[in-house]
Amino acid sequence: MPGFADVFVGRDEQLGLFTQGLADQRCQGFVVSGSAGVGKSRLVEECLTRAAGMGFRVARATATAAGGSVPLGAIAHLVPAGVDLSDPVTGFATVARRLACGDGRALVLLIDDVHLLDAVSAVLLRQLMDAGVVRLLGTICSGAPVGDAVEALCRGDAVWRVDLAELDRGEVEELLQAVLGGPVAQRTLRELYAACRGNVLYLRELVTGALDRGALVSDGEIWELATGPVRGTTRLVELISARLAAAGAEARPVLELLALCEPLSLTEAEQVASPEAVTGLEYAGLVRVGQDGRRTSVALAHPLYGEVLRAGLPVTRRRALLLRQAARVEEVGMRRRADALNVASWRFTATGTADPAALAEAAALARYSHDYGQARTLLQALPEEHHTTATRLMLGEALFELGEPQQAETVLAAAVAGAESEQDRLAVTLARTFNLFWGAAEADEALAVNDAARTLVTSADARRMLQYCEGSMRIASGEAVRGLALLEDMEEDIRLAPNPVAWLTGALMKPLGLELVGRTGDAVDWAERAYAAHLTVGHHTLYPHPAVQLISVNHALSSHGRLAEAREVGLRGYAELARVTSTPVPQIWLAFGLGRTEWLAGHPASARRWYAEAAALARAYHHIRPLGPALSGLAACAAVLGDLEAAELACAEARNYLWPDVFAAEEYLGRAWLYAARGHLAQARTVLTDAARCARTAGLVTPEAQLLTDIARLGGAKKVSGRLAELARRSDGTLTGAGARLAAALAADAPDQLLAVATAFEQAGADLLAAEAASAAAAAWQRAGHGRRATAATSLATAIAGRCEDARTALLTTIAPTARLTDREREVALLAATGTRSKDIAGALHLSVRTVNNHLQHAYAKLGVTTRRELAAVLERSEPQHGPAPRLVRHGGDLLPDLRGERPGARAQFTASGSPG
């Protein structure tokens, strides 16, 4: 496993700028500034390596606080022996002469912490830089005091200065994956990024500490951080403690209070310390001051500061700070919405008790902000005699959301026993069945609880709400037709529903039922309607976060054949839920949905990543219902990628989690594609045929069609084409219709039809199916003796397969390696594709027109095209691999590639390479 020092990510722009500076004689130095730990030293080390690789001589010097008081303390080793610097003029000339190189290239000198240089070193370096003998490569810590000599050294346009920011979340993910050697779970990424805020030094210590404690582990697919606070190493604590110590005694109380109660208003902070002390903290970069509406707020500049401060607070000091802050907020009337939650939390943390009414109110606020962890803590602290049906309902829901279904059932069963009104019994029953069905995977018990409640309620509205609850569970159990019948009279507008929770429960599952029976367009409409409705009532009802409805939107869009939209919705929903700290259950299902979307899109590596995410989350939060289909999907992806060992392991684990539900058919995919990857196509078709039979028995049109399409892909097109055509007439899904056409075209060995199907799949975003259809067309043309058409179809298949993340399937094996264009043929072809005449191409490339035409004819034959328009289309498909065709412009009578509009680094690197700029 490589260490952090071995990996370099996220700094390509700065490295490119340094390279550009080396090629610019006017650039005398390159200085990187930034906060401690941001990665300045790592960047300049990479720059020094780049300079050495370009033929420059390189050297290092180290500036230290101790050496700053010693003349030439940092660069004495560069001054040749015997040189007398007491005469500055003669001494400087001697140093410059001996450091100079015969080829005129300057010495690239790396100095970490330039701001610590002594004045004599700084003056000498400035003279050497002005003489062109030395190029400075240095780092400066933001906010550090800089002397006049060093300021003069780094001043002016000749010294290029870069302010280095922290890594963004994507760069942190890239760094972690490179260091750990595999993908990182999104929750783990979110928590590590929130803790380090892109500071590479802090990230390294957090990861090192987690690895040493066994808190960061991989299941073979994905790296997952154990739940609980993110803690680093002793070295990290020492680094941060030293930084905090610079605040001084007067400002320390503000830091301690912020660690417990941030954010504070500026007024509150100035009640603890003087305005000058607070301003000093801001100047030192220890706090951030900003506007929060009409209030000026103060917060710690980094979350790890709070972790270190809290760890060092004695219990008595912590208690005093919390109680004093609670009293301050109470004195001014608790005017802000979060004040009641904060005060109750502070008093509970300080003393272990709080006013029961305040606890209940605070828990309700936490629950409505979807902070289920805080809600659980406050509600469990509530004395038993102060619990009500409402508080037990909130606690049961919080426990479900946190992955504790057994505890939730105990609490909700007690809530039912204590319910006095029919409305209360209905509300608790809905929560209880939801927990039993989805959390504990006890479908029969959930249905029994629902039936029992129906015998106790008297109003028609209550019975109808329980009917909707049953309908939702029937759909999720794979009984789509029966479930839809129970939901048939659902109001389309939530405002007309007597119970919004029951309506939302039905609206969550009705789109899935519609999709399963082939009404995918109606499914999309219902899912989007449910999401919009949920947004209007999300803060007024005990129900999961509104983004839970995006699970249905993602699923419906995928089945409808709108895969790009499905991906966008799934990612948006996952991001929304990630901003809520404790909603793992819907995140599991959204991750599973994104895996399914990428599988249908033919992106097995991306799908595998999301299936692994769903499985890891499900295990961590004991949410077992999605494990079977997620592991089966993971196995299918691994098999298609050729990782048979991982596929076998996932299949073996998936067998422990088989449920008679809506995903039962999909749980066969792993085994089927594992057989196919081993070359046992007949066994793969048998597995898929059994699954399709189950789907047909249950009336599940869309799953049956997907399974039969896979059978067609694996050599069984003639057997399934008739049934697929029948299903296509009963479904409005693009993928179902295209699957039927694929099977018919494969059965008839009709290349024109296969190419048309390839286009349909590609437009839907189903890349692997499109590549397979084009590949099958190429094979059919080849068998028919049409070599040029076969070559064209192969080129199309190869181009689309390039987006399929190295997938390997039976149909793709028919793709023959396309004869590669020579460099000159590609150069001519790229120019011809832009409409440039052969005569102009000949002039630009210093060739005869006849040679240009010969190259074009060879390219036509290799690519299977006959016109320049077809040539442009083929080259456009391969653009991600080969780049766009250059546009020619006249320059001094010659036609040359037009570089205008390129990113700045492209021209800089072209010039720096020694080519004409």
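All residue numbers refer to positions in the sequence shown, counting from 1.
Under the 4.0 Å criterion applied to side-chain N and carboxylate O atoms, Glu491 and Arg464 are assigned as salt-bridge partners.
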Could you walk me through whether Glu173 and Arg169 satisfy the salt bridge (Lys or Arg N to Asp or Glu O under 4.0 Å) test, starting with their C-alpha distance in whole Å, then the side-chain angles of each, then the deciding distance to 0.1 Å, before giving a yes or no? CA-CA 6 Å; Glu173 181 174 19; Arg169 178 170 165 153; 6.0 Å; no
Salt bridge (Lys or Arg N to Asp or Glu O under 4.0 Å) evaluation trace for Arg608 with Glu598: CA-CA 8 Å; Arg608 180 179 183 176; Glu598 297 295 359; over 6 Å; no
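Within the structure, every pair that satisfies the salt bridge (charged side-chain N to carboxylate O under 4.0 Å, His left out) test and touches residues 340-355, not counting sequence neighbours, is listed here: Glu330-Arg347. Applying the salt bridge (charged side-chain N to carboxylate O under 4.0 Å, His left out) definition to pairs two or more places apart or across chains, those involving residues 408-418 are Glu409-Arg432. Applying the salt bridge (charged side-chain N to carboxylate O under 4.0 Å, His left out) definition to pairs two or more places apart or across chains, none involves residues 433-449.
Side-chain N/O atoms of Glu613 and Tyr574 include a donor and acceptor closer than 3.5 Å. Side chains of His555 and Trp589: a donor-acceptor N/O pair is absent below 3.5 angstrom, by distance only. A side-chain donor from one of Glu422 and Thr458 sits under 3.5 Å from a side-chain acceptor of the other.
Within a 6.0 Å sphere centred on CZ of Arg231, other residues, nucleotides and ligands contribute 12 heavy atoms or fewer. Shown here is Glu528, whose CD atom has more than 12 heavy atoms of other residues, nucleotides or ligands within 6.0 Å.
From Glu576, atom CD reaches atom CG of Leu550 across 6.0 Å, with rounding to the nearest 0.5 Å. With values rounded to the nearest 0.5 angstrom, Asp522 atom CG is found 9.0 Å from Lys510 atom NZ. Arg609 contributes atom CZ, which lies 4.0 Å from atom CD1 of Ile222 (distance to the nearest 0.5 angstrom). In this structure, Tyr621 OH and Leu402 CG are separated by 7.5 Å, a value rounded to the nearest 0.5 Å.
Listed for the Tyr468 side chain is a donor-acceptor partner under 3.5 Å among the backbone atoms of Asp489. Of the possible polar contacts, none joining the Ser552 side chain to the Ala527 backbone as a donor-acceptor pair under 3.5 Å is found. Without hydrogens or angle criteria, Ser632 side chain to Gly670 main chain gives a donor-acceptor distance under 3.5 Å. In this structure a side-chain-to-backbone donor-acceptor pair under 3.5 Å is missing from Ser559 to Glu515.
Trp526 and Trp503 have tilted rings, their planes meeting at an angle from 30° to 60° on a 0 to 90° scale.
Listed by chain and residue number, Glu565 satisfy the salt bridge (Lys or Arg N to Asp or Glu O under 4.0 Å) test with Arg562 (two or more places apart in sequence, or in another chain). Partners of Glu262 according to the salt bridge (Lys or Arg N to Asp or Glu O under 4.0 Å) rule, which considers only residues two or more places apart in sequence or in another chain, do not exist here.
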With a cut-off of 3.5 Å and sequence neighbours excluded, list every side-chain donor-acceptor pair involving residues 479-486.
unit_1	atom_1	unit_2	atom_2	d
Glu479	OE1	Arg482	NH1	3.3
Glu479	OE2	Arg474	NH1	3.3

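Taking the ring axis of Trp599 as reference, the NZ or CZ atom of Arg596 does not stay both within 45° of it and closer than 6.0 Å to the ring centre.
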